[in-house]
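When a residue number appears, it is its place in the shown sequence, counting from 1.
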Amino acid sequence: MTARGCRVTTAPNGVHALRAIQRTSFDVVITDLHMPERGGLWLWEQALKARRTLRGRFVLISSDPVPEPRTMSLFIQSEHFILKPLSLAAVWGQVEEILRRSGVATEAERGDLTAESA
């Protein structure tokens, strides 16, 4: 992502990621379903409580097919989901789609993308 001009913020787990989301505005959040302490679906639910503007801006990555059917169905309605193994091109494609929908110019359109990810 940094090679494509994004400013990237990382977090070791969902709890730290939520703290970052509470402190900083992000254009896109890329998260794994399974993280230490709290996973990606928990992060998504808590992040939307903190920042409603993040709806539609999550990319959830997982090696499992659909977990927790009720929560996952809510997630799938507005967010993005990629199964492992994945390619960086697939992740970037999801990021570009989110940025396009939200009106943030992509690197190709502006020359210097400033989106942030967690």
Open item on the list: I'd like to know whether Glu79 forms a side-chain contact (heavy atoms from CB on, under 4.5 Å) with Arg55, so could you lay out the CA-CA distance, the side-chain angles of the two residues, the decisive distance to 0.1 Å, and finally the verdict.
Closed with: CA-CA 7 Å; Glu79 309 300 334; Arg55 182 170 296 286; 3.9 Å; yes
Task: From CG (Leu99) to CH2 (Trp92), nearest 0.5 Å - done: 6.0 Å
Task: For Leu83 against Ser63, the heavy-atom pair lying closest together - done: CD2-C, 4.2 Å
TODO: Starting at CG of Leu48, measure out to OG1 of Thr53 and round the result to the nearest 0.5 Å.
DONE: 9.0 Å
Task: Expected output: side-chain Arg57 to main-chain Ile98 donor-acceptor under 3.5 Å - done: no
TODO: Rounded to the nearest 0.5 Å, what's the gap from CG on Asn13 to CE on Met35? Could you check?
DONE: 7.0 Å
Open item on the list: Taking the side chain as everything from C-beta on, heavy atoms only, tell me whether Ile21 gets closer than 4.5 Å to Val29.
Closed with: yes
Task: N-O pairing of Lys49 and Glu45 below 4.0 Å - done: no
TODO: Mind running side-chain contact (heavy atoms from CB on, under 4.5 Å) on Val28 and Phe58 for me, showing each step along the way?
DONE: CA-CA 6 Å; Val28 176; Phe58 268 76; over 6 Å; no
Open item on the list: I'd like to check Lys84 versus Ser62 (side-chain heavy atoms, cut-off strictly below 4.5 Å). Are they in contact?
Closed with: no
Open item on the list: For Pro12 versus Pro36, what's the shortest heavy-atom pair and its separation?
Closed with: O-CD, 3.7 Å
- [ ] Any chance you could measure Thr10, atom OG1, to Ile30, atom CD1, to the nearest 0.5 Å?
- [x] 12.0 Å
- [ ] Determine whether Trp44 and Thr31 make a side-chain contact, defined as any pair of heavy atoms from C-beta on separated by less than 4.5 Å.
- [x] no
TODO: Over all heavy atoms of both residues, which pair between Gln94 and Ile82 is shortest? Give the atoms and the distance, please.
DONE: CG-CD1, 3.6 Å
Open item on the list: For the CZ atom of Arg7 and the CE atom of Met1, what is their distance to the nearest 0.5 Å?
Closed with: 15.0 Å
- [ ] Would you mind reporting whether Arg38 and Leu43 have side-chain heavy atoms less than 4.5 Å apart?
- [x] no
Task: Atom pair NE2/CD1 of His80 and Ile61 - distance to nearest 0.5 Å - done: 12.5 Å
